[in-house]
Engineer: 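Dropping a structure here in structure tokens format, bear with me for questions.
This is a predicted model, so every value here is computed, not measured. Residue numbering restarts at 1 for every chain, and letters A, B, ... go by the order of the sequence lines.
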Amino acid sequence: KSKPSSPEETSNLNFHPVNNASWKKGQKIQYLYLSRVFDAVAGTTKRLTKTRLVSNFLRSVIALSPEQLVEVFYLCCNKIAPQYEGIELGIGDTILLKAVSEATGTTMKKLKEELGRIGDIGTLAQQKRNKQRTIFPPPPLKISGVFKNLLKLAKTTGHKSGTVKGDLIKKMIVSCRESEIKYIIRCLQGNLRIGLAAQTVQSSLAQAVVLTPPGGKVMDASKHMGPGELEEEIKKTDKIIKQAFIEVPNFEHVITMLLKHGIKELPKHCQLTPGIPIKAMLGKPASGISELFEKFLNVLFTIEFKYDGERAQIHLLPDGTIKIFSRNSEDNTGKYPDLIASLPEAYASGMETFIIDCEVVAWSAKDKKILPFQTLSQRKRKDVSSENIDINVVLFAFDCIYMNGKSLINEQFMERRKILRESFKEVEGKFFFAKGKDAKEPEEIEEFLKLSIESSCEGLMVKALDKDAQYVPDKRNWIKIKKDYLEGMSDSLDLVPIGAFRGKGKRAGLYGCFLLACYDPESEEYQSITKIGTGFSEDDLKKHTEFFKKHLLE
DNA sequence: AGTGACTGCCC
DNA sequence: ATTCTGC
DNA sequence: GCAGAATGGGCAGTCACT
């Protein structure tokens, strides 16, 4: 109904990755062009449209500037490096506000005031920036320049790093045009907030390489395809690309291999490798035991204790090195030298390689009992050595993803569990298997849940054994049962809202969360207990905001 | 050297 | 982590 | 049901300031 506002917005049918691109072969791509795509993506809620918008841009990058595809991809995903490399920006809202304040000549007080209404530092900065008069046009920001600056920000540490970082951000801000400033800032916040993230960007890449294959002369492969063939190709390619990112969650590696070897050869070059963490398989909440039987009708399943600790994916590399990764693929190797020292007691010396999935739990050696999460969280995280360990820990292993050179992710859990149990043995106070039971009856599950709570666990994990029981990284294919989820079993508190905080992003203009208190009759005071910000429908939020606006005390 | 603000990462 | 929402 | 974006408490580590 409306004319396309940018080349990238035109449909696949009409889009030409070279003729419709805003830049020419061999040029550095301006960040402005990407920010225009982001604007278009933000302008729709339809994921198919978002995918098409991004894929058209990626097609131009493939056709004109494949050497910049990695950086473009990183910026679309709002990341700068693989998680396991531990590269952090070290920039939060406070530093950003300060930079915006200095770059636009607005006082912090004024900015904070307006931020309450607008709910987004990026949008706020854009408004302030548009009011400034620029004497001469700043040099355009390039994608590679922005990306390099992000890495530079991450590398800047130590004394006076705050000032250096602030100056670099300000320098970028003053070069911004149109909505660039908004996305630079949101990028620094680690929150693009345009309804675009990893999954959609990966789908966009798949669509792009089908239509405009890397290294070729074909600009629009759909022209040579029969009806339905394009959709089929895209579906197949989507699967291959996503699998590649699952097995090697390193954008640079996957994209380099994709450009070099093409989509068909990609799986060969992106395989699960000890030393590179994969995303964890997760659980989704069940609200009752009956739910399990609906889901696992005629399917074997098992129930395991859900330990209250920290996830640990442990790798044995061919050179004998052991590495430990967190739930979010952070490298926690340096945090647990004690586990690394003791783990070899749990397997035979002939072991070459493995990846196992465990929970690290705080442990009282004296009482031989597990301790609460709170205790574990007090453990040192850096420069831990055997002398300065104050919080003792123990492992509970529950899955095996890789064993002696062979990936097990496509094996059923029944088989993986068998390999885990055959390859490891329990070591008192150091290494245990997660307590489990292949229960069949609701009563048995109820009983086991009770036992888990009494044993200082959070509840149960429920896992299929021999059907649809592969290890699927990043998917919530397991089921978790905590007593809080169950009707009548959760602890509840009657609290009174005594304060509210303005919402951000899609909650801008509303109260986004509330401060709750408990009345103490002795002191005749309301004592604050906690904030709460989930469980509200959009309608609830609107109503609460209207209501509380009428009852403001200050 | 001590302290508080800020950030990132666990859940 | 929990929860809601558009597709 | 997926993907994304709101939101929570609480800890250790880092850096600026005194």
Engineer: Please list all pairs passing the salt bridge (charged side-chain N to carboxylate O under 4.0 Å, His left out) test where one or both residues lie in residues 373-397 of chain A, with sequence neighbours left out.
Structural biologist: Asp338(A)-Arg379(A)

Engineer: Ignoring backbone atoms, establish whether Lys382(A) has a side-chain N or O less than 4.0 Å from OP1 or OP2 of dG13(D).
Structural biologist: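 No, Lys382(A) has no side-chain N/O under 4.0 Å of OP1/OP2 on dG13(D).
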
Engineer: Can you check whether Thr530(A) has a side-chain N or O nearer than 4.0 Å to OP1 or OP2 of dG9(D)?
Structural biologist: yes

Engineer: For Lys165(A), report the nucleic acid contact type (base, sugar-phosphate, nothing); a contact means any heavy atom under 4.0 Å.
Structural biologist: nothing

Engineer: Can we say Asp167(A) and Lys170(A) salt-bridge, meaning some charged N sits less than 4.0 Å from an Asp/Glu carboxylate O?
Structural biologist: yes

Engineer: For the residue pair Glu310(A) / Tyr336(A), report whether a side-chain donor-acceptor contact shorter than 3.5 Å exists.
Structural biologist: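 The criterion, which ignores hydrogens and geometry beyond distance, is satisfied for Glu310(A) and Tyr336(A).
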
Engineer: Tell me, which pairs form a side-chain hydrogen bond (donor to acceptor under 3.5 Å, both in side chains) where one or both residues lie in residues 465-481 of chain A, sequence neighbours left out?
Structural biologist: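 side-chain hydrogen bond (donor to acceptor under 3.5 Å, both in side chains) check on residues 465-481 of chain A returns Asp357(A)-Tyr471(A).
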
Engineer: Let me have the donor-acceptor pairs involving side chains of residues 87-94 of chain A, under 3.5 Å, with sequence neighbours excluded, atom names and distances please.
Structural biologist:
unit_1, atom_1, unit_2, atom_2, d
Asp93(A), OD1, Gln189(A), NE2, 2.9

Engineer: Mind listing the N/O atom pairs, protein and nucleotides 16-18 of chain D, below 3.5 Å?
Structural biologist:
unit_1, atom_1, unit_2, atom_2, d
dA16(D), OP1, Lys160(A), N, 3.1
dA16(D), OP1, Ser161(A), N, 3.0
dA16(D), OP1, Gly162(A), N, 3.0
dA16(D), OP2, Lys160(A), N, 3.0

Engineer: Go through the structure and list residues passing ring pair (Phe, Tyr, Trp, His ring centres under 6.0 Å) with Phe251(A), not counting sequence neighbours.
Structural biologist: Phe73(A), Tyr74(A), Phe245(A)

Engineer: Compare the minimum distances between each of dA5(D), dC2(D), dT7(D) and the side chain of Ala197(A), then state the nucleotide with the smallest one.
Structural biologist: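 It is dA5(D).
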
Engineer: Heavy atoms of chain A, cut-off under 4.0 Å: which first and last nucleotide of DNA chain B, 5' to 3', fall inside that, if you could look?
Structural biologist: dC6(B) to dC11(B)

Engineer: Measure from NZ or CZ of Lys549(A) to the centre of the six-membered ring of Tyr511(A) and say whether it is under 6.0 Å with the direction within 45° of the ring axis.
Structural biologist: yes

Engineer: In whole angstrom, what separates Ile194(A)'s CD1 from dT5(C)'s P?
Structural biologist: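 Those two atoms, CD1 and P, are 22 Å apart.
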
Engineer: From the set dG4(D), dC2(D), dT2(C), return the single nucleotide nearest to any side-chain atom of Lys284(A).
Structural biologist: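 So the side chain of Lys284(A) is nearest to dC2(D).
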
Engineer: Looking at every strand, decide which applies to Ser377(A) at a 4.0 Å heavy-atom threshold: base, sugar-phosphate, or nothing.
Structural biologist: sugar-phosphate

Engineer: Tell me the interatomic distance from Lys98(A), atom NZ, to dC15(D), atom P, rounded to whole angstroms.
Structural biologist: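 Rounded to the whole Å, the gap is 15 Å.
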
Engineer: What nucleotide, of dC11(D), dA5(D), dA6(D), holds the atom closest to the side chain of Arg507(A)?
Structural biologist: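 For the Arg507(A) side chain, the nearest candidate turns out to be dA6(D).
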
Engineer: How close or far is atom C1' of dA3(D) from atom NZ of Lys506(A), stated in whole angstroms?
Structural biologist: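 Going from NZ in Lys506(A) over to C1' in dA3(D) covers 10 Å.
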
Engineer: Under 4.0 Å between any heavy atoms, over every strand shown, what does Tyr511(A) touch: base, sugar-phosphate, or nothing? Just pick one.
Structural biologist: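 Here Tyr511(A) touches no strand at all.
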
Engineer: Output the rounded distance in Å from CG (Asp468(A)) to C1' (dG1(D)).
Structural biologist: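 Rounded to the whole Å, the gap is 14 Å.
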
Engineer: Below 4.0 angstrom, N of the basic side chain to O of the carboxylate: do Glu233(A) and Lys236(A) qualify?
Structural biologist: yes

Engineer: Looking across every strand, which nucleic acid part, if any, lies under 4.0 Å from Arg193(A) by heavy atom: base, sugar-phosphate, or nothing?
Structural biologist: sugar-phosphate

Engineer: Would you indicate which nucleotide in dG10(D), dT2(C), dT14(D) comes nearest to any side-chain atom of Lys482(A)?
Structural biologist: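 Nucleotide nearest to Lys482(A)'s side chain: dT2(C).
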
Engineer: Taking 4.0 angstrom as the limit, do Arg186(A) and Asp120(A) come out as a salt bridge?
Structural biologist: yes

